[in-house]
**Student:** 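The structure that follows is given in the form of structure tokens.
Just so it is clear, the structure is predicted and the values come from calculations on it, not from any experiment. When a ligand or atom number is given, it counts from 1 through the structure's own listing order.
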Amino acid sequence: MSELGVNIDHVATLREARKTDEPDPVWAAALAELGGADGITIHLREDRRHIQERDLRILRETVSVKLNLELACDADGIALACETKPDQATLVPERREEITTEGGLDILTNRETVSTAISRLRDAGITVSLFIDPDPDQIQLAAELGAEAVELHTGRYANAVHNDCDTELNQLSLAGQLVRSAGLTLHAGHGLTYRNVQPVAGLVGMSELNIGHSIIARAIFSGLSQAVREMKTLITAASHS
Ligand code: PXP
């Protein structure tokens, strides 16, 4: 059965929209754990648009399930990871102008940088996962470079419609087999929702799914009427008539 890593970046995105102290991703992580999350995932982007170093440091102290840090291969980020020691680091590509991580890490063209990052993280005792497209050559090299896991990018599957969906799922399935036969642990994520998650969760050997946007989007609606009720109660209690 696959574990669920809950990506809480969007909670920090909302906080950063006002540069205030709420909502706090640390609270979100605690609630996600209470809801049964097997892991908490955060992406410390170079531009710090959502998760901050402060979040990483507090979450390292407070998260009791697996803490998975997504980060690019830059030296400063890797040094911070080695210092704070999340349980797992997932190496991702990063472009400042992108809205979200838009494709897998191309380890074929960034071989040396990725290899150095993997060695440094592993030397610090951190499990390393590589976020890559479901491509046989990328998977093969991930194993050669010493990663322990591969997170298959499910974005193309998530964006596909009708028959293309089956084609993309089939590609993920074949890639999943390659990941496992290369001795790597199989993870997947990006764009997974309440509607499309089950075929991916059902892939043989799927070990971890990282899901953010859809869960945080659902949480807004499952919690909104209660939040309004609480504000109404305060206003009513303070009113004179
Ligand atoms: N996995 C990786 C490597 C990601 O970069 C992201 C997005 O931050 C996710 C999973 C979660 O994607 P989504 O928010 O679409 O569920």
**Student:** Got an N/O contact under 3.5 Å between G212 and ligand 1?
**Tutor:**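 Yes.
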
**Student:** What part of H10 sits under 4.0 Å from ligand 1 if we count only heavy atoms: the side chain, the backbone, both or neither?
**Tutor:**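 Neither part.
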
**Student:** Using the rule given for ring pair (Phe, Tyr, Trp, His ring centres under 6.0 Å), can you reason through H10 versus H213, listing the C-alpha separation, both sets of side-chain angles and the distance that settles it, and then say yes or no?
**Tutor:** CA-CA 7 Å; H10 279 356; H213 183 91; 5.0 Å; yes

**Student:** Would you indicate which of E208, E70, H213, H153 comes nearest to atom 2 (C) of ligand 1 when only heavy atoms are counted?
**Tutor:**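 Of the listed residues, E70 has the closest heavy atom.
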
**Student:** Which atoms form the tightest heavy-atom contact between C73 and A117, and what is the distance?
**Tutor:** SG-CB, 4.1 Å

**Student:** Is the CZ atom of R15 crowded by more than 12 outside heavy atoms at less than 6.0 Å?
**Tutor:** yes

**Student:** Does an N or O anywhere in S214 fall below 3.5 Å from an N or O of ligand 1?
**Tutor:** no

**Student:** Over all heavy atoms of both residues, which pair between N68 and T90 is shortest? Give the atoms and the distance, please.
**Tutor:**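 Where N68 meets T90 most closely, the heavy atoms are OD1-OG1, 2.8 Å.
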
**Student:** Show me which atoms of ligand 1 lie under 4.0 Å from any heavy atom of V92.
**Tutor:**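 Numbered from 1, ligand 1 contributes 3 (C).
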
**Student:** With heavy atoms only and a cut-off of under 4.0 Å, state how E151 meets ligand 1: side chain, backbone, both or neither.
**Tutor:** side chain

**Student:** Does any N or O atom in N210 lie less than 3.5 angstrom from one in ligand 1, N or O only?
**Tutor:** no

**Student:** Residues sharing L34's hydrophobic cluster, by side-chain heavy-atom contacts under 4.5 Å among ILVMFWY, directly or via others?
**Tutor:**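 Besides L34, the hydrophobic cluster comprises L31, listed by chain and residue number.
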
**Student:** Say whether E148 and T185, considering side chains only, have a donor N or O and an acceptor N or O under 3.5 Å apart.
**Tutor:**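 There is no such pair (donor and acceptor under 3.5 Å, judged by atom type) between the side chains of E148 and T185.
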
**Student:** So is there a nitrogen or oxygen of G191 less than 3.5 Å from a nitrogen or oxygen in ligand 1?
**Tutor:** yes

